[in-house]
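Report on the following structure.
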Amino acid sequence: MNATIEIVPSILDRIRKTLVGLKMPRALEVLDQTVRQLERGEASALEVIDTLFAEELTLRENRRIKMALRMAKLSTIKTLAGFDFSFQPSLDRNRILALAQLDFVDRHEVIHFLGPPGTGKSHLATALGVEAVKAGRSVYFASLADIIGALAKAEREGQLRERIRFLCRTSLLIVDEIGYLPVIPGGGNLFFQLVNARYERGAMILTSNRGFAEWGEVFGDPVVATALLDRLLHHAVVVQIEGSSYRLRQHADLMPEHVRSKASINSPIPAQPPRRRGRPLKHGANDHQPAG
Ligand code: ADP
Ligand code: MG
């Protein structure tokens, strides 16, 4: 049995030069070992070609994603795979996985993640952002305070229009932490200008620990809050998380008993979410208003 093939060294040299000329460093790196597989009869010629191109493509994709994540300011990478859905039974896993298909980005919709601190709002928003980056969409992630800070600075410098245009360029804008910090005077108005500019033109994900009824207080201006919600609840998906803090679960022993039992840290998580009687699931109520 002799399936081995001898590769002429001069051809190999030429391939190396070509790969350098084509700027294919990864293919160049794996060339020798791949050709050895061919010589030993462990891979066909077609498989060798496939390997060289696939390796190069993977390298490029990884580089592109790394760069795009940096541009998106998605510094702490969270993934859907890293999200423990069993810890958050109020959350419908399939619903989140459906969002990860990114149709909401193409439809310029708004996703709201609402819930108490530590329930995974930022994690899920980031994970969807990462999915969007992987799928080739442009993303920008910032806290509300940072966005308003940047808009206020731009306004002082006479650059507001440009700043808003910059924040309208990405197909997905993630605004994290609405409601944690008081909005600076005039901040609600600046944020409204941004939201209005993106309205029906680009998708957004918002996270908040406060209900919509409290937005007047959050933005220090009920009129601005109403105008904001008018845009942000049209073509919107509202995901309400009603669980306990994932952060605190690791410190169960340090927590007072009444908080611990409320956070159900010691109780095993039921394999199936408990059936609710009467009242329909809250997070289903505001689902998907019809477009148009
Ligand atoms: P929130 O934004 O709602 O305050 P985060 O998304 O920042 O909460 O979550 C707090 C921390 O706990 C983060 O490190 C996050 O990755 C982690 N976390 C939260 N929920 C889960 C979960 N269900 N599975 C895995 N990690 C989680
Ligand atoms: Mg958060």
Side-chain angles (χ1 to χ4, degrees), residues 69 72-100 104 110-134 139-150 172-183 187 191 203-215 217-219 228 232 236-255 259-274 281-283 286:
L69 288 174
K73 299 275 191 291
L74 286 165
S75 44
T76 45
I77 297 308
K78 303 283 179 182
T79 60
L80 287 177
F83 192 83
D84 180 2
F85 282 91
S86 67
F87 187 77
Q88 227 44 273
S90 76
L91 209 54
D92 181 347
R93 183 170 185 268
N94 289 333
R95 193 161 174 242
I96 303 299
L97 296 184
L99 292 175
F104 79 95
V110 180
I111 299 179
H112 297 265
F113 286 115
L114 303 182
T119 48
K121 302 179 299 293
S122 300
H123 185 130
L124 291 172
T126 304
L128 289 177
V130 170
E131 289 301 316
V133 161
K134 282 190 192 160
V139 179
Y140 192 78
F141 180 102
S143 68
L144 177 69
D146 284 349
I147 286 186
I148 288 179
L172 173 62
L173 177 67
I174 304 174
V175 183
D176 197 26
E177 299 191 343
I178 295 175
Y180 282 103
L181 295 173
V183 168
F191 186 55
M204 295 177 76
I205 299 178
L206 311 179
T207 80
S208 181
N209 63 330
R210 310 278 289 269
F212 297 127
E214 298 172 80
W215 276 36
E217 203 184 303
V218 169
F219 286 92
L228 272 171
L232 292 173
V237 177
V238 179
V239 180
Q240 176 92 45
I241 312 176
E242 292 170 63
S244 45
S245 172
Y246 194 84
R247 289 191 191 102
L248 295 182
R249 97 199 188 293
Q250 287 146 340
H251 305 293
D253 51 329
L254 302 176
M255 279 172 32
V259 179
R260 199 184 326 176
S261 54
K262 192 174 159 234
S264 67
I265 279 165
N266 288 333
S267 63
I269 291 139
Q272 295 219 301
L281 278 174
K282 224 188 203 167
H283 67 243
N286 282 323

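In each ligand, atom 1 is the first atom listed, and ligand 1 is the first ligand listed. Atoms considered below: every heavy atom in the structure, side chains included; atoms not considered: hydrogens, waters and symmetry mates. Residue numbers count from 1 along this sequence. On a predicted model such as this, the values are computed, not experimentally measured, just so you know.
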Next on the checklist: Within this structure, what is the NZ-OG distance for the pair K73 and S143, rounded to the nearest 0.5 Å?
Outcome noted: 12.5 Å
Checklist entry - When you look for heavy atoms under 4.0 Å from ligand 1, do you find them on the side chain of K78, its backbone, both, or neither? => result side chain
Next on the checklist: Less than 4.0 Å is my threshold; does some heavy atom of T119 fall inside it relative to ligand 1?
Outcome noted: yes
Checklist entry - In ligand 1, which numbered atoms sit nearer than 4.0 Å to a non-hydrogen atom of P117? => result 4 (O)
Item to check | Region of Q88 engaging ligand 1 - heavy atom pairs below 4.0 Å | outcome: neither
Checklist outcome for this item: Among non-hydrogen protein atoms, atom 8 (O) of ligand 1 lies closest to G120 N, 3.3 Å
Checklist entry - Does K78 reach the main-chain N or O of A125 with its side chain, forming a donor-acceptor pair under 3.5 Å? => result no
Item to check | Heavy atom of the protein closest to atom 24 (N) of ligand 1 (residue, atom name, distance) | outcome: D84 N, 2.7 Å
Item to check | Sub-4.0 Å atoms of ligand 1 with respect to non-hydrogen atoms of Y180 | outcome: 4 (O)
Checklist outcome for this item: Partner of V239 under side chain to side chain contact (heavy atoms under 4.5 Å, CB included), picked from L124, T207, I96, D92, is I96
Next on the checklist: Give me the nearest non-hydrogen protein atom to atom 11 (C) of ligand 1 as residue plus atom name, then the distance to 0.1 Å.
Outcome noted: R247 CG, 3.9 Å
Next on the checklist: Among residues at least two apart in sequence or on other chains, which ones pass ring-ring contact (aromatic ring centres under 6.0 Å, His included) with F83?
Outcome noted: F85, H123
Checklist entry - What protein heavy atom sits nearest atom 26 (N) of ligand 1, and how far off is it? => result Y246 CE2, 3.2 Å
Checklist outcome for this item: For atom 6 (O) of ligand 1, the closest protein heavy atom turns out to be H123 N, 2.8 Å
Item to check | S245 near ligand 1 by a heavy-atom separation under 4.0 Å | outcome: no
Checklist outcome for this item: Minimal heavy-atom distance between G179 and N209, with the atoms involved, is C-OD1, 3.6 Å
Item to check | Contact (N/O only, under 3.5 Å) between G118 and ligand 1 | outcome: yes
Item to check | F85-ligand 1 polar pair, N/O distance under 3.5 Å | outcome: no
Checklist entry - Does the side chain of D176 pick up a donor-acceptor pair with the side chain of S122 at under 3.5 Å? => result yes
Next on the checklist: Checking the side chain of K121 only, and the main-chain atoms of G115 only, is there a donor and an acceptor separated by less than 3.5 Å?
Outcome noted: yes
Next on the checklist: Under 2.8 Å from the Mg ion (ligand 2), is there any N, O or S atom belonging to Y180?
Outcome noted: no
Checklist entry - For atom 3 (O) of ligand 1, which protein heavy atom lies nearest, and how many Å away is it? => result K121 NZ, 2.7 Å
Item to check | Side-chain heavy-atom pair E177, L144 within 4.5 angstrom cut-off | outcome: no
Checklist entry - Donor-acceptor pair, E217 side chain versus E214 backbone, under 3.5 Å? => result no
Checklist entry - Hey, does L173 have a side-chain heavy atom less than 4.5 Å from the side chain of I147? => result yes
